[in-house]
Number of protein chains: 2
Amino acid sequence: MRREFKKKSRVLLIDDNYEHLAGIRELLNLEGTFDVVGIATNITMGINLVKKYQPDVVLLDMNMPERDGLQGIIEINKLELGTKILALSGYDDADLIFRAMKIGAKGYVLKTMASAQLIYAIEEVLNGKIYLPNALTSRFFEYFQKSFQEENSRQENARDEENLLNELTQREEEVLELLTQGITYKGVANKLFISETTVKTHVNNIFQKLQVNDRTQAVLYAINNGFLTKRIKIAV
Amino acid sequence: MRREFKKKSRVLLIDDNYEHLAGIRELLNLEGTFDVVGIATNITMGINLVKKYQPDVVLLDMNMPERDGLQGIIEINKLELGTKILALSGYDDADLIFRAMKIGAKGYVLKTMASAQLIYAIEEVLNGKIYLPNALTSRFFEYFQKSFQEENSRQENARDEENLLNELTQREEEVLELLTQGITYKGVANKLFISETTVKTHVNNIFQKLQVNDRTQAVLYAINNGFLTKRIKIAV
DNA sequence: TGTGATATAGACCATTTGGTCTATTAAATA
DNA sequence: TATTTAATAGACCAAATGGTCTATATCACA
């Protein structure tokens, strides 16, 4: 009995276009180093096959009706089988590329790409690398930087002199920290070993400095202006 | 008098290592298509030269004492002169690469890279593209995905059945929305054209459903669990 | 030495908040 | 049709919150 020396990589295909699906299967079979263990025309079916066959890599079409590809990535990753996901799409939609990579796709290729490049992409991903064609990398970064612009300016504000949080004394910061946890005056007093009245005094000073009227607004101001940056941060 | 047909690109160098600085200047001068309009050995000096000469591109060393390179990127971009910044570093530190790209560097190259590649990187950046060597792109994405993992699982929770926010009725959501703005019962009542008592009833129901005891906790729960995702979101 | 900032705390009071219970109406659904 | 859910609202009460004013002790710094 003959034994193969190089183990074939197990591939699963998910794409609602059956033509395309068959085409890729053909391509990968011809290549010889891949073993297409299953094909699915929708996410639900795909997930089931992933559970059943535990493929090394999944080629996942992004543009599918009902449950979209992004959801598919999330659910496959949730299975924690170490399955690598290569996203497949007809369009170089920056938002889609960004989100796919963000939620853990190992690569993103266009359907219009040459077969050889698709094979290369799969191999890279199988080797534990990220694969993005140069054109898509550019699109990705454009979007990436654009989407962080807001946060950047917000973080600058957080460092700004205008940031009223900087007016707070150390003790006031401690009190605010506890306020943001929804603790009562009594609770804060106990935690800081001071009287409830003192807490109230601090809180009143905090309100004046932050120019707000109640704890909810103070907490919101804190969150929106860089307080608690270690725990919480505003993003895109 | 001879006139040049192709306008040279104006380059500014910022690096605290003078040897290295001189080397790059030499390289770029030899190349002939660049005009090194200035060199600086620290950020402050660099910023001033940027203001003065308004170069097309700045090669900025990341690893400098005192004010570091990241701060330099921020400040140069704040000038809004359209200056492209190419970050330069001795190390392929993933966190540094990520942060540099995040705050708007157009590229990141290692000092160990071949001269030809540096030139190529500068040209790409000048052409409005992002340039990251493949090796650094991989490092970037590793870090990118890792740093979004937390957010991802949090966002999954946000969609989860366990998310208590899903228990809320439409009206309760409206009330909660207003609560998160720090509005009093009276205020909410006016906005929704219902009585204060009704607001209180809704709020009580919200507290029970979210298993909290006061508005601050309710607001925090809301923020941390995907409510207001359009306006605010929790990140790394 | 004295001035200012910080942390502490009491008194007093009005307002707001939160808890509980009951009740009516409309709409959806079994 | 009967039942459930959602939205509305009143009554009553205790607890928490917020506002204002006053006062003391420390510490740093001019």
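A note on names: the letters A, B, ... follow the listed sequences, proteins ahead of strands, and every chain is numbered from 1. Quick caveat: nothing in here was measured; it's all calculated off a predicted structure.
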- Query: Which residue pairs satisfy the salt bridge (charged side-chain N to carboxylate O under 4.0 Å, His left out) criterion with at least one member in residues 209-222 of chain B, sequence neighbours excluded?
  - Reply: Glu172(B)-Lys209(B)

- May I have the distance from Glu174(A) (atom CD) to dT8(C) (atom C1'), rounded to whole angstrom? 14 Å

- Message: Does anything in residues 187-206 of chain B come within less than 4.0 Å of DNA chain D? Heavy atoms only, and list the residues if so.
- Response: Ile194(B), Ser195(B), Thr197(B), Thr198(B), Lys200(B), Thr201(B), His202(B)

- Query: When the nearest nucleotide of DNA chain D is assigned to Glu172(B) and to Thr216(A) on a heavy-atom basis, which residue is associated with the more 5' position?
  - Reply: Glu172(B)

- Message: Can you tell whether the side chains of Glu174(A) and Arg171(A) come within less than 4.0 Å, N to carboxylate O?
- Response: yes

- Heavy-atom nearest nucleotide on DNA chain D taken for Asn213(A) and for Thr169(B); more 5' hit belongs to Thr169(B)

- Task: List for me each residue that meets side-chain hydrogen bond (donor to acceptor under 3.5 Å, both in side chains) alongside Thr198(B), sequence neighbours excluded, and say none if there are none.
- Result: Ser195(B)

- Query: How many Å lie between CD on Gln208(B) and P on dG19(C), as a whole number?
  - Reply: 8 Å

Solution key, residues 79-87 of chain A side-chain donor-acceptor pairs under 3.5 Å, sequence neighbours excluded:
none

- d(CG, Leu210(B); P, dG19(C)) in whole Å: 12 Å

- Verdict with reasoning, Phe140(A) to Phe141(B), per ring-ring contact (aromatic ring centres under 6.0 Å, His included): CA-CA 11 Å; Phe140(A) 172 91; Phe141(B) 275 113; 4.9 Å; yes

- Kindly write out the residues that satisfy side-chain hydrogen bond (donor to acceptor under 3.5 Å, both in side chains) with Gln208(B), not counting sequence neighbours, or none if the list is empty. none

- For Met101(B), does its backbone N or O pair with a side-chain atom of Gln145(A) as donor and acceptor, under 3.5 Å? yes

- Query: Rounded to the nearest Å, what distance is computed from the NZ atom of residue Lys209(A) to the C1' atom of nucleotide dA7(C)?
  - Reply: 11 Å

- Look at the side-chain N and O atoms of Tyr185(B) and state whether any lies under 4.0 Å from the OP1 or OP2 oxygen of dG18(C). yes

Nucleotide N/O to protein N/O under 3.5 Å, stretch nucleotides 24-26 of chain C:
none

- Query: Which residues pass the side-chain hydrogen bond (donor to acceptor under 3.5 Å, both in side chains) test with Asp92(B), sequence neighbours left out?
  - Reply: Arg139(B)

Please set out all donor-acceptor pairs under 3.5 angstrom arising from side-chain atoms of residues 49-62 of chain B, sequence neighbours excluded.
unit_1   : atom_1 : unit_2    : atom_2 : d
Asp56(B) : OD2    : Arg10(B)  : N      : 2.8
Asp61(B) : OD1    : Asn63(B)  : N      : 3.4
Asp61(B) : OD1    : Lys111(B) : NZ     : 3.4
Asp61(B) : OD2    : Lys111(B) : NZ     : 3.4

- Quick one: which residue pairs count as a salt bridge (charged side-chain N to carboxylate O under 4.0 Å, His left out) with a foot in residues 191-204 of chain A, not counting sequence neighbours? none

- Message: Could you tell me how far apart Arg215(B) (CZ) and dG19(C) (C1') are, to the nearest whole angstrom?
- Response: 15 Å

- Task: Could you run through DNA chain C and flag its stems, i.e. three or more consecutive Watson-Crick or G-U pairs with both distances under 3.5 Å?
- Result: C:1-30 with D:1-30

- Backbone N or O of Asn213(A) within a donor-acceptor pair of the Gln217(A) side chain at under 3.5 Å? yes

- Message: I'd like the 5' and 3' limits of the part of DNA chain D contacted by chain A, with heavy-atom contacts below 4.0 Å.
- Response: dA16(D) to dT20(D)

- Item | Contacts of Tyr143(A) that satisfy side-chain hydrogen bond (donor to acceptor under 3.5 Å, both in side chains) - sequence neighbours left out | Asp95(A)

- Between the main-chain N or O of Thr137(B) and the side-chain N or O of Tyr108(B), is there a donor-acceptor pair closer than 3.5 Å? no

